[in-house]
Amino acid sequence: MKQNYVPQPVDTTDIQLSEDLSVLVEQMAKNVHEVWAQSRMEQGWTYGEQRNDELKHHPCLVAYEDLPEVEKAYDRDTAVGTLKLITKLGFKISKE
């Protein structure tokens, strides 16, 4: 890793999600987890009570509903950040 790298995410602090977009957050969070879990399993990871990188065991390889709240919050934050970025870039999401 280069020593001089400084992350510069787009500032979305001025974006407030509409109620319509807010309802997507939980659905997106669940899908974020599903995509992550599928990728891990394809790489040979399995459920384990303790994370073990050598054995490829991870305690979060469970259904989204069974995740600890702190893990769900991480996925929700990813969803909110994505929706805010889409909005900040001028795109609109609508339900048909």
Side-chain angles (χ1 to χ4, degrees):
M1 184 168 105
K2 293 188 176 187
Q3 297 278 347
N4 59 352
Y5 169 67
V6 178
Q8 296 180 1
V10 174
D11 181 6
T12 60
T13 55
D14 61 323
I15 301 296
Q16 294 294 317
L17 296 180
S18 68
E19 186 63 33
D20 290 344
L21 292 182
S22 294
V23 300
L24 287 177
V25 170
E26 197 68 16
Q27 292 171 324
M28 288 179 67
K30 180 177 180 176
N31 196 63
V32 164
H33 175 69
E34 294 295 314
V35 169
W36 170 85
Q38 182 179 43
S39 175
R40 285 291 176 142
M41 289 177 176
E42 287 171 353
Q43 296 168 4
W45 287 73
T46 58
Y47 172 81
E49 287 187 27
Q50 298 290 325
R51 181 177 174 151
N52 183 315
D53 291 353
E54 187 175 308
L55 297 176
K56 293 187 174 184
H57 290 170
H58 203 293
C60 291
L61 285 173
V62 296
Y64 178 77
E65 294 77 15
D66 296 331
L67 286 173
E69 191 57 35
V70 67
E71 295 296 334
K72 288 180 185 178
Y74 180 85
D75 293 331
R76 287 184 196 113
D77 289 346
T78 299
V80 167
T82 301
L83 289 170
K84 284 185 169 187
L85 176 63
I86 290 167
T87 302
K88 179 81 172 196
L89 295 176
F91 291 90
K92 302 219 182 283
I93 300 172
S94 63
K95 186 175 179 181
E96 294 186 24

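Atom OH of Y47 and atom CG of D66 lie 9.5 Å apart (nearest 0.5 Å). Here the CG-CD distance, from D75 to E34, works out to 9.5 Å after rounding to the nearest 0.5 Å. Residue M28 holds its CE atom at 13.5 Å from CZ of R76, rounded to the nearest 0.5 Å. Distance check, rounded to the nearest 0.5 Å: NE2 of H58 to CH2 of W36 gives 4.0 Å.
Here the shortest heavy-atom pairing between A29 and Y64 reads CB-OH, 3.5 Å. Closest non-hydrogen pair, L67 versus K72, comes out as O-CE, 3.5 Å. Scanning all heavy atoms of the two residues, the minimum distance from H33 to V62 falls at NE2-O, 2.7 Å.
Counting heavy atoms from C-beta on, the side chains of W45 and D53 come closer than 4.5 Å. Looking only at side-chain heavy atoms (C-beta outward), T46 and M41 stay at 4.5 Å or farther from each other.
A 6.0 Å sphere centred on CD of E49 holds no more than 12 heavy atoms belonging to other residues, nucleotides or ligands.
With hydrophobic clusters built from ILVMFWY side chains whose heavy atoms lie under 4.5 angstrom apart, L85 shares a cluster with L17. No single ILVMFWY cluster, assembled from side-chain heavy atoms under 4.5 Å apart, contains both V32 and Y74. The same ILVMFWY cluster, assembled from side-chain heavy atoms under 4.5 Å apart, contains both I93 and V10. When the side chains of ILVMFWY residues are joined at heavy-atom separations under 4.5 Å, either directly or via intervening members, L89 and L21 end up in a single hydrophobic cluster. Cluster annotation: L24 and I86 are assigned to the same hydrophobic cluster (Ile/Leu/Val/Met/Phe/Trp/Tyr, side-chain heavy-atom contacts under 4.5 Å, transitive).
The existence of a salt bridge linking K30 and E65 is confirmed by a sub-4.0 Å separation between a basic side-chain nitrogen and an acidic carboxylate oxygen.
Side-chain N/O atoms of T13 and D11 include a donor and acceptor closer than 3.5 Å.
Between the K56 side chain and the Q43 main chain, a donor and an acceptor come within less than 3.5 Å of each other. A donor-acceptor pair under 3.5 Å is formed between the side chain of T87 and the backbone N or O of L83.
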